[in-house]
Amino acid sequence: MARGTAKTPLRKTLRGKGHQALIQILVEAREKTGMTQRDLAARIKRPHSFVGRMEAGERRVDVIEFIEIARVLGADPKELFGRLVD
């Protein structure tokens, strides 16, 4: 199929099942380290509201942010992502 001719449009993912699963994986990884939302925000040099909104499902996480957050949490980004696609 040629690019741009897909018959099924992409669905919005914010607050969808996949997005909720992604957030749950990141929250579990953060809690496993004993870090608070404020600790994580400080480590990634973002405001506390960034982490709070992300974990509340009000903000999407792009791939680069996901990798950065996983590494700050001492987790392997590939392993965490693998949990999402399994």
Side-chain angles (χ1 to χ4, degrees):
M1 180 178 276
R3 211 177 338 174
T5 62
K7 295 184 184 214
T8 305
L10 289 174
R11 292 175 291 147
K12 293 188 178 192
T13 58
L14 193 61
R15 295 195 175 100
K17 288 182 182 180
H19 184 249
Q20 290 173 354
L22 172 69
I23 297 308
Q24 185 62 37
I25 288 167
L26 290 173
V27 169
E28 287 172 3
R30 178 184 58 75
E31 289 176 343
K32 183 178 177 181
T33 68
M35 264 190 224
T36 65
Q37 288 182 351
R38 288 186 188 279
D39 294 335
L40 177 57
R43 295 279 306 272
I44 61 174
K45 297 179 176 49
R46 300 277 170 74
H48 169 253
S49 61
F50 175 92
V51 176
R53 289 184 65 222
M54 176 189 73
E55 290 189 3
E58 298 171 0
R59 185 189 183 290
R60 289 189 186 163
V61 180
D62 71 31
V63 174
I64 303 304
E65 291 168 340
F66 176 83
I67 292 168
E68 177 186 9
I69 291 166
R71 287 182 175 158
V72 163
L73 295 173
D76 178 1
K78 290 185 274 187
E79 190 272 326
L80 292 183
F81 189 75
R83 285 196 230 161
L84 183 64
V85 297
D86 285 342

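What's counted below: heavy atoms across the whole structure, side chains too, no hydrogens, waters or symmetry copies.
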Got a list of side-chain donor-acceptor pairs under 3.5 Å for residues 16-23, not counting sequence neighbours?
{"unit_1": "His19", "atom_1": "ND1", "unit_2": "Arg15", "atom_2": "N", "d": "3.3"}
{"unit_1": "His19", "atom_1": "NE2", "unit_2": "Arg59", "atom_2": "O", "d": "3.3"}
{"unit_1": "Gln20", "atom_1": "NE2", "unit_2": "Arg15", "atom_2": "O", "d": "3.3"}

With sequence neighbours excluded, what pairs up with Arg38 under the salt bridge (charged side-chain N to carboxylate O under 4.0 Å, His left out) test? none

Could you list the residues that satisfy side-chain contact (heavy atoms from CB on, under 4.5 Å) with Arg46, not counting sequence neighbours? Ile44, Phe50, Glu65, Glu68

Cut-off 3.5 Å, no hydrogens considered: what does the side-chain donor-acceptor table look like for residues 27-34, sequence neighbours left out?
{"unit_1": "Glu28", "atom_1": "OE2", "unit_2": "Gln24", "atom_2": "NE2", "d": "3.0"}
{"unit_1": "Arg30", "atom_1": "NE", "unit_2": "Glu55", "atom_2": "OE2", "d": "2.7"}
{"unit_1": "Arg30", "atom_1": "NH1", "unit_2": "Met35", "atom_2": "O", "d": "2.8"}
{"unit_1": "Arg30", "atom_1": "NH2", "unit_2": "Glu55", "atom_2": "OE1", "d": "3.0"}
{"unit_1": "Thr33", "atom_1": "OG1", "unit_2": "Arg30", "atom_2": "O", "d": "2.6"}
{"unit_1": "Thr33", "atom_1": "OG1", "unit_2": "Met35", "atom_2": "N", "d": "3.1"}

Which residue pairs satisfy the side chain to side chain donor-acceptor pair (under 3.5 Å) criterion with at least one member in residues 70-81, sequence neighbours excluded? Glu79-Arg83

Report whether Leu80 and Val85 are members of the same hydrophobic cluster (ILVMFWY, side-chain heavy atoms less than 4.5 Å apart, transitive linking). yes

Note, Leu26 side chain near Phe66 side chain (heavy atom, < 4.5 Å): yes

Which residues share a side-chain contact (heavy atoms from CB on, under 4.5 Å) with Ser49, sequence neighbours left out: Pro47

